[in-house]
Amino acid sequence: MACAGARGQEVVKIGQVGPITGPIAHLGKDLQNGARMAIDELNAKAPGIGGKKVTFALLTEDDGGDPKQGTAVAQKLVDAKVSGVIGHLNSGTTIPASKIYFEAGIPQISPAATNPKYTQQAFNTAFRVVANDGQLGGALGRYAAAVLKAKNVAIIDDRTAYGQGVADEFGKSARGAGVKVVATQFTTDKATDFNAILTAIKAKKPDLVFFGGMDAVAGPMLRQMKQLGIHVPFMGGDGICSEGLAALAGDAMANGQVICAEAGGVEDAGRKALDDFKEAYKKKYGIEVQTYAPYAYDAVMTMADAMRKAGSWHPDKYLPELAKIQHKGVTGEIAFDAKGDMRQGTLTLYTYSQGKRQLLVVTK
């Protein structure tokens with residue numbers, strides 16, 4: 001799990017996986033940048049674990065958002081004898097990869113995967129630092145009913161583990177709040193033409209459209225909604241809730257039209273730490289945080305904190321410390337329940353105005 005480096009220092013290898021090619025490469029790169037930022041900060045402090053000087057090394061792999069590629073790179077990281085893994089981003093890659101890490105006894109912290117199935121497999125190596133789809137979709141469904149006063153909604157999902165999961169939870173919550181689901185349609189995570197499903201939806205006259213999927217699909221969908229004259233609120237989860245959505249949608253996104261939820265966030269008391277992180281990120285990389293960088297940063301720091309507490313970077317030694325960790329991160333307090341979910345999973349709802357993401361509310 002480690003090897004001797006320069007001047008006798010031990011090298012602790014941390015794997016990191018996300019899609020750094022393909023339509024959501026900008027989100028995968030955001031995740032990677034957050035993890036890299038944490039590694040650089042750790043190494044700048046000349047860290048020690050169990051009385052030994054160590055250097056952290058980040059081993060990054062590209063899963064392309066594809067489940068088969070995800071399991072292949074997971075095995076590659078196991079073979080490289082990493083001490084832990086930060087990733088994956090998509091639920092559809094995180095879930096199959098988690099079995100490989102579990103069988104190897106390697107702790108995995110996802111900064112992004114929200115499908116409940118990930119932590120329902122009884123894998124004691126699986127953790128996440130974001131809320132799950134039950135919390136995410138539930139909050140959006142309640143908001144649609146109580147705040148947006150939606151009566152009739154249409155739901156579209158991209159048939160991925162993430163998209164279908166968050167859409168199902170939204171539908172369940174919306175129906176529970178008295179909202180009628182008048183249309184249910186499906187697409188894929190690679191589709192670009194939505195005219196058929198949007199035309200069918202328009203005929204049902206919904207007063208809100210919910211999309212379970214990622215921003216690379218949501219942007220073109222918003223463009224085609226405008227072309228077809230579907231001028232209603234558009235909701236989605238953290239997959240669409242990026243700084244890049246406005247550019248993907250072009251001039252098709254009206255101010256306040258999009259409401260989305262990030263599967264994490266901080267209340268007022270913790271806002272300065274997160275703002276400081278975003279400022280440091282922009283200074284380091286010359287770009288804004290998209291969505292996942294703070295969670296990837298916190299995932300690395302949480303894992304390193306568990307290693308320090310255990311006095312070891314060996315998975316079997318620090319895993320018990322990780323399971324009971326209480327880490328103060330830039331995204332808030334990180335502590336896991338028995339399944340590996342966040343004990344205090346917060347959600348942040350956003351809208352967009354003048355092409356910029358604007359905070360609406362932080363909730364639990």
Side-chain angles (χ1 to χ4, degrees), residues 15-20 22-28 30-32 61-74 85-102 107-123 125-140 155-173 186-190 210-218 236-242 260-264 290-292 295-296 299 336-337 339-342 345 347:
Q16 182 272 312
V17 193
I20 49 177
I24 57 168
H26 58 295
L27 299 180
D30 187 55
L31 189 153
Q32 184 188 79
E61 293 292 344
D62 176 22
D63 65 15
D66 176 74
K68 287 183 181 176
Q69 196 170 325
T71 53
V73 297
V85 174
I86 307 302
H88 301 204
L89 188 153
N90 308 74
S91 293
T93 55
T94 303
I95 293 168
S98 64
K99 184 174 188 290
I100 293 169
Y101 301 132
F102 169 68
Q108 171 192 13
I109 306 178
S110 175
T114 55
N115 191 296
K117 291 177 186 174
Y118 169 52
T119 52
Q120 290 174 352
Q121 304 172 99
F123 295 166
T125 50
F127 303 88
R128 65 173 128 224
V129 291
V130 290
N132 64 34
D133 286 340
Q135 296 163 303
L136 197 71
L140 288 167
I155 298 175
I156 307 169
D157 79 62
D158 67 0
R159 297 282 88 181
T160 64
Y162 164 70
Q164 186 175 355
V166 73
D168 287 351
E169 292 296 339
F170 170 81
K172 193 187 305 179
S173 175
F186 312 110
T187 184
T188 74
D189 58 347
K190 297 174 180 62
F210 181 91
F211 173 58
M214 307 300 286
D215 63 358
V217 174
D238 58 319
I240 77 164
C241 212
S242 69
C260 58
E262 187 175 296
Q290 286 289 326
T291 305
Y292 300 113
Y295 303 99
F336 304 112
D337 65 15
K339 289 181 178 178
D341 281 317
M342 289 281 283
L347 299 157

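These numbers come from a predicted model, not from an experiment.
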* Asked: What are the two closest heavy atoms between P111 and I86, and how far apart are they?
  -> CG-CG2, 3.8 Å
* Should V130 and Y292 count as side-chain neighbours, where that means a heavy-atom distance under 4.5 Å? -> no
* Asked: Any idea which heavy atoms bring A261 and C241 closest together, and the distance?
  -> N-SG, 3.9 Å
* Interatomic spacing from CD1 in I24 to CG in N90 - rounded to 0.5 Å -> 4.0 Å
* Asked: In Å and rounded to the nearest 0.5 Å, what is the CD1 to OH distance from I109 to Y101?
  -> 12.5 Å
* Asked: CE/M342 to CG/N132 distance, rounded to the nearest 0.5 angstrom?
  -> 11.0 Å
* Please answer whether the main-chain N or O of D341 pairs with a side-chain N or O of D337 as donor and acceptor at a distance below 3.5 Å. => yes
* Could you verify whether a donor N or O on one side chain and an acceptor N or O on the other, from D158 and T187, lie under 3.5 Å apart? => no
* Sidechain-backbone polar pair: Y118 side chain, P96 backbone, donor-acceptor under 3.5 Å -> no
* Asked: Between I155 and G171, what is the shortest heavy-atom contact and its length?
  -> CD1-CA, 3.7 Å
* To do: Could you tell me which residues satisfy side-chain hydrogen bond (donor to acceptor under 3.5 Å, both in side chains) with Q121, sequence neighbours excluded, listed by chain and number?
  => S98
* Asked: When rounded to the nearest 0.5 angstrom, what is the spacing between CD in Q32 and CG in L89?
  -> 11.5 Å
* Do the side chain of Q108 and the main chain of G87 share a donor and acceptor less than 3.5 angstrom apart? -> yes
* Asked: Of the non-hydrogen atoms in N115 and S91, which two are nearest, and what is the gap between them?
  -> N-OG, 3.1 Å
* Would you name the heavy atoms of P23 and A216 that are closest together and state the gap between them? => O-CB, 3.5 Å
* Got a donor-acceptor contact below 3.5 angstrom from the E169 side chain to the Q135 backbone? -> no
* To the nearest 0.5 Å, what is the distance between CG (D133) and CZ (F170)? -> 13.0 Å
* To do: Check whether any side-chain N or O of D157 sits under 3.5 Å from a backbone N or O of G163 as a donor-acceptor pair, and report yes or no.
  => no
* Asked: Counting N and O atoms only, with roles assigned by atom type, does the side chain of T119 sit under 3.5 Å from a partner on the main chain of R128, one being a donor and the other an acceptor?
  -> no
* Quick one: list whatever passes side-chain hydrogen bond (donor to acceptor under 3.5 Å, both in side chains) with T93, sequence neighbours left out. => D63
* Asked: Between CD of Q69 and NE2 of H88, what distance do you get to the nearest 0.5 Å?
  -> 10.5 Å
* Distance-only side-chain donor-acceptor flag, Y162 / D238, under 3.5 Å -> yes
* Asked: Any sub-3.5 Å donor-acceptor pair from D30's side-chain atoms to T291's backbone N or O?
  -> yes
* To do: Report yes if the side chains of D62 and V73 come closer than 4.5 Å at any heavy-atom pair, otherwise no.
  => no
* To do: State, to 0.1 Å, how close L27 and D215 come at their nearest heavy-atom pair, and which atoms those are.
  => CD1-OD1, 3.9 Å
